[in-house]
Structure formats: C-alpha cells, structure tokens
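Structure, as structure tokens:
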Amino acid sequence: MITNKHSIGVRALLVAAMALAFMPPVAAGPAEPAPRIAADAAGANWFAKGGTHGETYYSGLDRITSGNIERLGLGWSHDIDPGLTSFSAPLMVDGVLYFAAGQSVVHAVDARSGKLLWKHDPEAYRLAGHKLRAGFGLHDLAYLDGRIFVGTVDGRLIALDARTGRQDWSVQTIDPGSEAYGVGTPRAFDGKVIIGFGGADYGALRGYVTTYDAATGKQLWRFHTVPGDPARGFENEAMAMAAKTWTGEWWKHGGGGTVWNAMTYDERFKRVYIGVGNGSPWNQKIRSPGGGDNLFLASIVALDADTGEYQWHYQVNPGETWDYSAAMDIELAELPIDGKLRPVLLHAPKNGFFYVIDRETGKLVSAEKFARNVNWAERIDLRTGRPVENPAARYPGGRPFVVQPGSFGAHNVQTMSLSPRTGLAYIPASENGFPYVDPPDPRAWQRRAGMVNDGGLGLPPANLKVPPLTSALVAWDVLRQRQAWRIELGAGTNGGTLATAGNLVFQGQGSGQFVAYAADSGKRLWSFDAGNGILGNPISYELDGRQYVTVITGWRGFLPPPVWDYRLQRRRVLTFALDGKASLPPSTSAELPFIDDPSFKPDMSKAIAGLILYAQRCALCHGFNAAAAGGAPDLRRSAMAADPTTFEAVVRQGRLMAAGMPRFEELTAEELERLQHYIRSAPR
C-alpha cells in the first residue's frame with residue numbers, strides 16, 4: 001500500500017496478492033445532519049503535516065465549494081525528477097510550497113506558479129547501506145521559524161534554511177549499524193522538533209522518539225516505547241512499569257514498538273501524543289511467551305512536550321500479536337459531551353475500531369467498529385477500555401485463524417480528515433484478512449538478517465480462504481460513532497483525504513482520478529484525470545484572495561490492481577484553482593516489452609528456488625509474482641535481469657544505489673542465477 005506500512009511482511013503481501021478481487025463502486029445515500037464539533041482549521045498557510053498541530057487535514061477556506069466545484073481546473077503542474085517515490089504531501093508557508101520526493105530530496109517551488117526555487121539532495125544513498133532495503137526513503141516535512149526539517153532513510157534529521165535550502169544542522173537519530181531506518185515525518189513545535197524511526201520487522205529493535213532543539217539540533221530528551229534488559233536498569237519509572245507487562249527474555253527480540261508515523265502536538269496541554277507500532281516479532285508467543293500487555297506496543301502515549309516525561313497511555317491492542325499498530329493519524333478535536341466541549345483525540349488504527357479518547361486523562365470515551373468485517377474482537381469494553389477478544393483470534397494450540405482486518409489493516413497510513421462543519425471523519429478504509437498460525441516450534445524461531453521477517457508465523461493450510469483486499473471511503477460520525485455514508489472503491493488502495501469548509505472532501509485514488517465529494521452526503525461532484533495513481537493527501541491554501549488545492553501524484557504499489565509502471569509514471573505536483581485553464585503535458589513514453597529470448601531455457605528447479613529468494617528480498621518493491629505495480633521497475637521487462645554480468649553489477653555490487661536500488665552482496669553466484677531463472681520464467 002502502502003501502503004505504506006513500511007514494515008509490512010512479505011508473507012502478508014503474498015497472501016493479500018492472491019486474495020485480490022474487484023468490487024464495483026456503489027452510490028452513497030444522504031446523511032442526516034451531524035453534530036458540530038470544534039477543531040483547528042488550516043488557514044491561508046498549510047504549515048504542518050495535517051495543516052495545523054491538531055492534524056485534522058481540514059481547511060477552513062471556502063472559496064471553492066460544492067456549489068462552484070465544476071469551475072475547478074488545473075492552475076499549474078510541476079514535474080518531479082524521476083525518483084523512487086513521491087508518496088508525500090507538501091507544506092505551504094508564505095507563498096512557497098515545500099515537498100520531498102525520492103530519497104528525501106526537498107524542493108521549494110513558487111506556490112502561485114510552480115517555478116522551482118531551490119532543491120536540496122541529502123544523498124542518503126551514500127550513507128544508507130542496508131537501510132535502503134527497508135526504507136522507502138521518503139518523508140513529509142516539518143516547518144518552524146524559517147526552517148524546513150526532513151528525515152533521511154539513513155537516520156539523519158536535517159534542518160534547512162527555508163529561504164535558501166542551505167543546511168543549518170544535521171544530527172544522527174539512530175544507530176547506523178542497526179536495522180533501524182529513518183521513516184515518517186518529523187513534527188516541529190514550540191522551539192523543538194521530534195522524530196521516530198522504523199525497521200522493527202527487519203531487526204531486533206527497541207522503539208523510541210527523540211526531541212531536539214529546533215535552532216541547534218541539540219538533543220533535549222528521548223523516550224523509549226518498550227523496556228530494555230532489566231539487568232541494565234530502566235531509564236524511568238514508565239519503563240519499569242512497562243517491564244511488568246512483559247515476560248521471558250523479550251529484550252533479546254528488541255520488542256518493536258517503533259514510532260514510524262503518527263505524532264501530534266497538543267498546544268492546550270503542552271503534550272506530544274505518539275502512536276506506537278506493532279510488536280517484533282508479531283507473534284507474542286515468541287517475544288513474550290508468558291503473555292502480558294506488552295506496554296507500550298500498539299498504544300497512544302502522552303508525553304510532556306518539554307521534558308519527555310510519561311503522562312498517560314491508552315493501549316488499543318494489549319498483547320499485540322497481529323501486526324496491529326497505533327501508528328495511524330492522531331487528530332485533536334473537542335466534542336460536546338454531557339453539555340460541554342471535551343478535549344479528545346480521534347484515532348482509527350489498523351484494528352478496525354474508531355476511538356475517541358479524552359486528551360486530558362487518557363480515558364476512553366467511546367469506540368465502535370468502522371470496518372465492516374472485524375472478527376478479532378467483539379467490542380471494546382467502555383468500563384475497562386480493553387477489547388473483548390475472540391479467543392480463536394490468538395490462533396491457540398496450533399489452530400490457524402483468518403483474522404479480519406488482516407495485517408494490512410482497516411486503515412493504514414493514508415490520512416483521514418476531520419470536518420468540524422459536518423462532524424464527520426473521512427477514512428480511506430480497507431476490508432481484508434490474513435491467516436495467522438504458529439510455526440512448528442515457536443521457540444526455535446530465528447530472525448533472518450537483511451530482509452523482511454514474517455513475524456514468527458507458520459504456513460497456513462492451502463485451503464484456508466482469505467477475503468480479498470477492497471477499499472472504500474468511509475464518512476464516520478465521530479460523536480454518534482456510526483457510519484454516515486460510504487463509497488465503495490473496489491480492489492486495491494487509495495490516497496489520503498482533505499476536508500474543507502466548502503463542504504468538500506478531496507481524495508486521490510489508485511485509478512489516477514483526483515476526486516471531490518460533497519462532505520455531507522458523499523455525492524461525487526468533480527474529478528480530474530491525473531494520469532497517475534495518488535497516495536498522498538491533498539492540501540489547500542490561499543494566496544492573493546485565491547484558494548488553491550495541491551496534490552502530488554505518484555504510486556508506490558506492490559499489489560495490483562492498480563498497476564502504474566515505475567518507468568512511465570509522471571510524478572507531478574498538481575495545483576488547482578477556480579477557472580484554472582492549464583493542461584497536463586502529453587505522455588510520449590511507451591511501455592517496454594517483455595524480454596523474450598527464445599534461446600533461454602529456464603530450469604524450473606532453479607526458478608522455484610529463485611521464487612523463494614525473490615519473495616524474501618525483491619517482492620516488496622518489484623511486486624509479487626514478479627508483476628510490478630509501481631514501486632520499482634518490472635524486472636520481466638528489464639534487459640538488466642536478462643544479462644548475468646549487468647545483473648550481478650546491480651544486485652551484488654550496488655551499481656544503482658543512487659537510484660534507490662539496494663545492494664545484496666551476500667547473494668552467491670548460484671543464488672543470482674536462480675533469481676534470473678525465476679524472473680525470466682515468471683508469467684507474462
């Protein structure tokens with residue numbers, strides 16, 4: 001999908017790939033009026049990831065409305081240099097649009113015209129090494145006091161002068177020798193900047209976040225999300241408390257809990273809320289064999305923004321064992337409860353429940369299923385805040401179980417938006433499942449170095465049915481905790497959403513359409529053929545009394561449909577305004593043919609062995625069944641894959657590392673040959 005879950009396992013993707021099926025769209029009916037809620041709205045500038053620190057992805061601008069949307073047209077476009085990915089969203093501050101593409105290459109363009117002002121390339125590939133295998137190499141940006149902040153896949157946090165692009169400072173945030181990699185978006189607030197990292201599905205990692213002085217890069221504080229080795233002592237009382245919820249020798253597995261996406265700053269309480277990732281390995285019977293809640297996995301943790309001290313936590317999945325995480329949006333609002341506005345945070349994580357949580361105390365207000373198919377738990381107990389689990393979902397006694405939603409999640413990293421005008425949250429939702437079963441001997445499980453790990457799971461029975469991956473745009477009434485309307489969008493995934501005061505919801509879709517819906521009813525009002533799939537969320541801003549909407553096109557897929565050829569993609573910044581008259585440049589490139597060499601006779605025994613190698617090392621980027629879906633070139637069409645000398649130079653020697661292709665120096669000549677036999681025998 002990203003998805004973009006950066007740590008999703010190869011095995012999960014293989015199962016999802018086999019399960020794909022198409023579902024046609026269905027119309028949504030009108031919604032009854034929703035109660036009004038209070039939330040920050042982005043104004044003329046879009047200065048933070050979600051528009052404001054509250055990260056609601058809501059614009060209070062209303063010059064573009066459901067009544068005049070038919071006049072919306074392309075104002076300008078800006079082509080991005082070919083790169084690994086453009087799954088990102090821009091910022092707009094004082095007439096300048098800032099965005100990142102490829103390996104965290106930061107661009108500044110004139111927001112009125114799209115003219116490039118400056119570009120900064122951190123050349124992350126030179127330092128990343130094996131981290132190129134894990135990270136997608138792209139981050140959104142943060143802005144504060146005239147500086148742009150960006151993270152790199154090799155783990156640096158870099159501050160740039162927003163006027164010139166000159167580097168002010170750079171710090172290393174993770175161990176260069178570990179399997180950790182930089183991922184996600186820094187957040188900047190009140191003279192500080194905070195960042196996390198990913199990689200828990202690759203190595204024995206222990207998650208943490210680090211906060212730095214925004215002016216100097218000096219480290220201010222660090223908070224770990226899971227406890228370390230008790231023999232070495234604990235950093236604080238929170239870690240000592242958390243250690244009581246783990247069993248066995250969990251620290252030898254790292255534990256996981258990386259903070260690779262969601263973080264939100266609360267100006268009212270001077271707190272930072274962090275969304276903690278899944279356990280590592282996934283299977284709790286391996287990492288914590290005696291059970292336990294395993295704090296702070298799959299939790300929202302509130303920290304004092306000045307000191308990093310623990311304030312409270314809410315765990316969405318105690319004893320997490322399904323690759324569920326709390327790394328999806330954390331959005332701030334105020335809801336009318338018991339006659340007064342109550343400060344809350346809203347959260348729709350992978351597990352399929354929509355949570356409303358009191359920001360002051362961390363206590364659960366309400367939780368209901370926003371996904372149609374949720375079988376791991378019956379409900380969330382409002383008294384205890386804990387899920388009422390289905391015992392079969394923990395696949396006890398070696399009995400496999402298809403959990404819904406699966407590890408892909410009912411909502412992943414594509415952003416949801418919140419409209420205080422309608423009282424609705426707009427969720428890029430998915431329906432899917434995944435089979436879980438223990439390996440023959442969980443105690444014998446070993447992590448595989450240098451590649452995605454499957455979470456400590458066994459192979460399910462071949463006849464086990466897994467539901468297909470389908471998607472929808474779901475409008476969720478956050479106070480009444482029920483669906484207001486829903487648009488079915490078929491197989492695959494789609495982009496993040498933007499809500500505006502003009503009664504509009506914008507979403508880029510995998511089909512290549514950029515679409516606007518009526519926020520109150522879900523009626524499709526307008527669309528634009530962007531010529532490429534879209535994963536990032538749109539933003540809106542105002543200059544000279546004119547409202548603009550900007551979105552970045554680009555597809556980082558690994559599961560068809562859809563398929564957007566890596567080489568043919570037109571990664572672009574598209575900016576729209578009322579009465580815009582621009583048009584996209586015509587596409588002149590043609591799809592490369594499949595490599596066909598009648599003299600080559602594949603050895604099927606080598607091809608089968610190559611399939612295993614391909615699944616372990618190549619599929620996450622180059623696609624399953626060797627059918628690339630946009631994350632990297634289709635190797636069936638690559639002359640490189642047909643030439644042993646060139647193949648060895650690229651795969652083992654790292655000839656294309658500057659383009660984002662990792663080096664796999666550990667592969668032997670025999671293994672390279674097996675890979676070639678698989679690629680050249682794969683279905684066309």
Side-chain angles (χ1 to χ4, degrees), residues 1-5 39-42 45-61 64 80 85-92 97-101 136 138-143 184-185 187 261-264 275 327-331 346 348 411-419 424-430 471-476 489 493-502 504-517 519 527-528 530 532-541 547-556 571-576:
M1 82 183 26
I2 270 188
T3 128
N4 224 85
K5 190 215 187 233
D40 290 341
N45 288 325
W46 190 278
F47 71 86
K49 179 174 170 63
T52 67
H53 290 311
E55 298 201 12
T56 58
Y57 299 89
Y58 174 72
S59 170
L61 303 177
I64 303 170
I80 303 170
T85 181
S86 55
F87 178 7
S88 62
L91 305 177
M92 201 295 292
L97 203 68
Y98 303 94
F99 65 92
F136 291 96
L138 182 60
H139 304 253
D140 286 347
L141 307 172
Y143 172 87
T185 301
R187 268 67 166 190
N261 187 47
M263 292 184 287
T264 306
M328 288 68 241
D329 311 296
I330 299 171
E331 305 192 1
L346 310 175
H411 173 218
N412 212 281
V413 295
Q414 290 90 335
T415 58
M416 77 175 181
S417 56
L418 171 70
S419 172
L424 305 179
Y426 304 95
I427 309 170
S430 294
S471 63
L473 176 59
V474 173
W476 191 258
L489 296 173
T493 58
N494 298 283
T497 64
L498 164 72
T500 78
L504 294 169
V505 176
F506 291 91
Q507 183 187 35
Q509 299 180 348
S511 64
Q513 297 293 308
F514 185 44
V515 183
Y517 299 93
S527 67
F528 178 85
N532 200 358
I534 303 171
L535 286 167
N537 61 276
I539 72 167
S540 189
Y541 57 91
Q547 182 180 356
Y548 296 86
V549 176
T550 294
V551 70
I552 298 178
T553 70
W555 193 254
R556 176 76 203 191
R571 300 172 179 87
R572 290 185 171 121
V573 184
L574 303 180
T575 294
F576 301 85

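Since the model is a prediction, treat every value here as computed from it, not as a measurement.
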Compare all side-chain heavy atoms of [X] with those of [Y] and state whether any distance is below 4.5 angstrom.
X: Leu498; Y: Asn537; result: no
X: Phe576; Y: Ile64; result: no
X: Asn494; Y: Leu473; result: no
X: Leu535; Y: Val413; result: no
X: Leu574; Y: Ile534; result: no
X: Trp46; Y: Thr550; result: no
X: Pro428; Y: Met416; result: yes
X: Gln507; Y: Leu489; result: yes

Return yes if some donor-acceptor pair links the side-chain N/O of [X] with the main-chain N/O of [Y] below 3.5 Å, else return no.
X: Thr56; Y: Asp40; answer: yes
X: Asn261; Y: Ala327; answer: yes
X: Thr264; Y: Ile330; answer: yes
X: Thr553; Y: Arg572; answer: yes
X: Asp140; Y: Ala89; answer: yes
X: Thr497; Y: Tyr426; answer: yes

Item to complete: Specify whether Tyr541 and Tyr548 have parallel, tilted or perpendicular ring planes, treating 30° as the upper limit for parallel and 60° as the lower limit for perpendicular.
Response: parallel
Worksheet entry | Aromatic plane relationship, Phe506 with Phe514 - under 30° parallel, 30 to 60° tilted, over 60° perpendicular |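 Because their plane-to-plane angle is under 30°, the rings of Phe514 and Phe506 count as parallel.
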Distance, nearest 0.5 Å, that separates [atom1] of [X] from [atom2] of [Y]:
X: Lys49; Y: Leu91; atom1: NZ; atom2: CG; answer: 9.5 Å
X: Ile80; Y: Ile552; atom1: CD1; atom2: CD1; answer: 5.0 Å
X: Ile427; Y: Asn412; atom1: CD1; atom2: CG; answer: 13.0 Å
X: Leu504; Y: Leu61; atom1: CG; atom2: CG; answer: 11.5 Å
X: Tyr57; Y: Leu418; atom1: OH; atom2: CG; answer: 12.0 Å

Locate the shortest heavy-atom distance separating [X] from [Y]; write the atom from each residue and the value.
X: Ser86; Y: Gly554; answer: OG-CA, 3.2 Å
X: Ser527; Y: Gln513; answer: OG-OE1, 3.5 Å
X: Val474; Y: Ala429; answer: CG2-CB, 3.8 Å
X: Ala501; Y: Gly60; answer: CB-O, 3.4 Å
X: Phe87; Y: Thr85; answer: N-OG1, 3.2 Å
X: Met328; Y: Ala348; answer: CB-O, 3.7 Å

Fill in: salt bridge (charged side-chain N to carboxylate O under 4.0 Å, His left out) against Glu55, all qualifying residues, sequence neighbours excluded
Arg187
